[in-house]
Amino acid sequence: MAIKIVPRGDVPPNQINDYFKFSCPPEFNGPNPDPLPPTFSFSRKLLVGIDLLLPDGSKVPMWVIEDPDAPDAPHPLPKDILRRSFPSPTLRIPLDALVNADVDCNGNTHTIHWHGIEPTPMNDGVGHLSFEVTGHFTYQYQPRQAGTFFYHCHKNTVLHFEMGLYGLLLIDPPDPSAPAVPVTYPTGGPGFAAGMNPNALLPTDHVIHYDVEALWVADDIDSRWHTLQHNAFMQKCVPDDPDNPANFSQDGILNDFRPDIFVMTGIARRVSDPSAFTAAENPLFGPLVAPTVKAGQTLLVRTLVAAYAVAQFTLDIDVEVIAMDGHALGVPPLQQYSRPLLVRAGTPIRLTTARRWDLIVRPTSPRVVPVKVEFFNNINGRLLYTATTSITVTK
Ligand SMILES: [Cu+2]
């Protein structure tokens with residue numbers, strides 16, 4: 001059968017430039033060109049340098065996106081850990097909010113890409129498809145699906161993402177008992193997540209209540225990359241001479257990734273250190289990596305692969321996959337022909353870079369559930385590192 005070709009419309013001469021892919025993206029600094037009154041606002045600043053601490057006392061320099069409005073953290077946490085953490089501070093936004101995101105870029109250009117939200121191109125911060133922010137820009141968008149997303153800088157992306165310029169972006173659905181009230185839930189739980197409810201009467205009933213929330217952000221670090229400069233190995237820009245070799249990516253090491261440090265939500269290990277990732281070692285992130293839940297309660301595990309390696313999660317307990325990449329399985333209108341997925345205890349869940357699966361765990365009796373996160377080289381499949389942690393189920 002011949003495939004019908006859909007002709008493209010003519011592009012008016014005055015719009016031709018709008019359809020080029022930018023080899024040298026323009027820069028922009030100013031207000032949103034199409035501002036609407038927001039129902040939810042926040043600020044982010046980039047970049048800020050922090051050190052990632054390893055158990056042996058050594059440090060890796062990271063770049064993070066600051067939340068300048070976060071309060072001081074309570075003792076014994078470092079005072080500014082809620083403002084400046086790696087991963088960058090988690091964002092929670094009510095479903096359907098009209099969002100204004102005030103972004104400041106200090107000293108150099110960046111973007112923020114709201115991965116999976118799909119705003120208009122000028123609001124989506126995708127490298128080389130729109131502008132780079134020189135000073136300040138107010139991104140504006142409306143998240144229309146509840147679930148697990150992430151935000152990250154999209155300038156010199158492989159380097160800036162590796163350096164830590166990313167964080168989780170969680171879109172919270174309303175409590176079904178008050179579906180008109182926009183809410184966000186405390187990180188760690190309890191709350192509601194978008195998920196198929198076979199007894200739903202209304203669209204807003206397609207949520208699952210959870211008691212405890214875990215955030216499993218798998219990352220890997222090549223410490224050689226963490227000495228590089230902001231614009232390392234970027235193409236030069238010679239716009240008047242489009243064939244100039246300097247316009248194309250330069251030789252460098254950004255196609256040569258050799259991770260020597262592995263991270264679960266901000267807790268790091270050198271490749272030679274097989275010790276388990278525990279709740280006690282990091283008061284902010286530890287309980288999100290190694291959660292404790294009571295028998296009979298519901299645990300929501302949000303995964304994000306921020307590694308360039310393939311990450312494989314294996315839990316010694318049955319899990320129900322309720323959402324993939326911000327799409328809640330079985331939930332109309334967009335996912336009504338899919339269904340949540342049962343993954344039996346011991347069956348690996350293998351995810352590649354940028355993927356997010358949301359897992360529901362319902363432990364019925366007190367025990368310690370072993371969890372394994374294996375990192376595999378994305379080209380040759382070789383096992384690079386095995387991270388171990390656990391879910392503690394109490395009475
Ligand atoms: Cu950046």
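Counting starts at 1 for both ligands and their atoms, following the listed order. Because the structure is predicted, anything quoted here is derived from the model rather than measured.
Under the 4.0 Å criterion applied to side-chain N and carboxylate O atoms, Asp318 and Arg344 are assigned as salt-bridge partners.
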Given Arg224 and Asp256, is the salt bridge (charged side-chain N to carboxylate O under 4.0 Å, His left out) satisfied, shown in steps?
-> CA-CA 10 Å; Arg224 297 174 309 154; Asp256 179 17; 3.7 Å; yes
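Every residue meeting the side-chain hydrogen bond (donor to acceptor under 3.5 Å, both in side chains) condition with Asp172, not counting sequence neighbours, appears here in chain and number order: Arg92. Qualifying side-chain hydrogen bond (donor to acceptor under 3.5 Å, both in side chains) partners for Arg339, counting only residues two or more places apart in sequence or in other chains: none.
Asp205 places a side-chain N or O within donor-acceptor distance of the main-chain N or O of Leu202, the cut-off being under 3.5 Å.
If you count the protein N, O or S atoms nearer to the Cu ion (ligand 1) than 2.8 Å, you get 3.
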Just list the side-chain donor-acceptor pairs under 3.5 Å for residues 289-311, sequence neighbours left out, or say none.
from   : atom 1 : to     : atom 2 : distance (Å)
Gln297 : OE1    : Lys294 : N      : 3.0
Thr298 : OG1    : Arg362 : NH1    : 3.1
Arg302 : NE     : Glu213 : OE2    : 2.7
Arg302 : NH1    : Thr148 : OG1    : 2.8
Arg302 : NH2    : Glu213 : OE2    : 3.3
Thr303 : OG1    : Trp357 : N      : 2.9
Thr303 : OG1    : Trp357 : O      : 2.7
Tyr308 : OH     : Val158 : O      : 2.7

